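Predicted model, so just to flag it, every value in this text is computed and none were measured.
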Amino acid sequence: MSTETQGVRIRHRGEEPQVHPTAYVAPTATLVGDVRVGPRARVMYGAVLDAEGSRIEVGEAAVICENAVLRGSAVAGDQPVLVADHVFVGPHATLLGCAVGRCVYVATAATVLQCAQVGAGSVVAVGALVHARTEVPEEYFVPPHNVALDTPVRLLAPGDPGLAEAVRRVGFAQVAFDVDAERTDRISRYEHIAEVRVAEFGTHADDEVLNRG
């Protein structure tokens with residue numbers, strides 16, 4: 001199949017998407033920057049793959065479903081999104097600066113955050129969250145709407161009284177935005193986080209659309 005008109009492809013920071021000739025990228029999917037889509041991969045309608053200052057790699061026969069978001073970053077160190085072969089990423093799922101091993105199933109509306117690693121054959125079920133820096137073992141099941149965090153991994157359900165403290169210890173602001181949450185009050189922290197994203201996303205002003213899908 002021809003790749004010349006597949007998806008909206010955007011050159012960002014001098015890098016442009018590369019799609020294998022046997023892959024399919026839907027007309028309304030958007031690939032931004034250093035995005036590499038492997039053989040027989042499928043990127044469906046409305047998906048956004050935005051490498052920012054890093055890169056995104058989608059392996060062979062991986063499936064990125066409708067309205068999924070994959071985003072790399074370099075604001076707190078290089079954080080690519082690495083999706084191995086035969087991974088299924090469900091509709092409305094979000095992968096941010098993480099690595100997902102082969103044959104992983106990331107279900108609808110699930111989220112995997114920065115510097116997390118999901119082992120081969122694992123399942124991140126509907127609405128579940130794999131928090132930053134978490135290492136999910138191979139063939140592990142993260143139940144629907146649960147939070148997986150820490151190494152070794154542990155699970156916390158919604159409403160667990162220890163959830164807020166457990167998430168605080170992850171240091172998400174540091175790993176995602178290079179913001180030391182211990183040294184800032186909440187308002188200052190989120191002001192800083194917004195400024196980090198303003199600067200990062202501001203680089204898109206120089207983007208070049210290579211085709212229109």
Looking only at heavy atoms, which two atoms of [X] and [Y] are closest? And how far apart?
X	Y	value
C98	L113	CB-O, 3.5 Å
S54	D78	OG-OD1, 2.6 Å
C65	P91	CB-N, 3.4 Å
A51	I56	N-CD1, 3.8 Å
Q174	A76	O-CB, 3.8 Å

Exercise for the section: List the steps and the verdict of side-chain contact (heavy atoms from CB on, under 4.5 Å) for L210 and I10. Expected result: CA-CA 6 Å; L210 302 175; I10 297 174; over 6 Å; no
Examine distances only and state if a side-chain atom of [X] and a backbone atom of [Y] form a donor-acceptor pair shorter than 3.5 Å.
X	Y	answer
S122	E139	yes
N146	P144	yes
S188	D185	no
T28	Y45	no
T134	A116	no
Q6	V25	yes
N211	G7	yes

Exercise for the section: Taking the side chain as every heavy atom from C-beta outward, state whether V196 and D178 have any pair of such atoms under 4.5 Å apart. Expected result: no
Problem - Hphob cluster co-occupancy, Y140 + V104, side-chain heavy atoms under 4.5 angstrom - result: yes
Exercise for the section: Tell me whether L82 is reachable from V43 by hopping between hydrophobic residues (I, L, V, M, F, W, Y) whose side-chain heavy atoms are closer than 4.5 Å. Expected result: no
Practice task
Under the salt bridge (Lys or Arg N to Asp or Glu O under 4.0 Å) rule, what do R71 and D50 come out as? Steps first, then yes or no, please.
Solution key: CA-CA 5 Å; R71 176 174 289 124; D50 182 1; 3.8 Å; yes
Practice task
Report the relative orientation of the aromatic rings in F177 and F172; use parallel for angles under 30°, tilted for 30 to 60°, perpendicular for over 60°.
Solution key: perpendicular
Practice task
May I ask you to check whether over 12 heavy atoms, not counting those of R169, lie within 6.0 Å of atom CZ?
Solution key: yes
Problem - Atom CZ of R189: over 12 foreign heavy atoms under 6.0 Å - result: yes
Exercise for the section: Show your working on side-chain contact (heavy atoms from CB on, under 4.5 Å) between L149 and R154 and close with a plain yes or no. Expected result: CA-CA 6 Å; L149 70 174; R154 61 189 179 120; 4.3 Å; yes
Handout entry: Residues E52 and H204: side-chain donor-acceptor under 3.5 angstrom
Key = yes
Practice task
Say whether S73 and E200, considering side chains only, have a donor N or O and an acceptor N or O under 3.5 Å apart.
Solution key: yes
Practice task
Decide yes or no on side-chain contact (heavy atoms from CB on, under 4.5 Å) for E57 and V81, but give the supporting numbers first.
Solution key: CA-CA 6 Å; E57 298 180 6; V81 176; over 6 Å; no
Handout entry: Criterion side chain to side chain contact (heavy atoms under 4.5 Å, CB included) against V89, the qualifying member of V124, L95, V100, V63
Key = L95
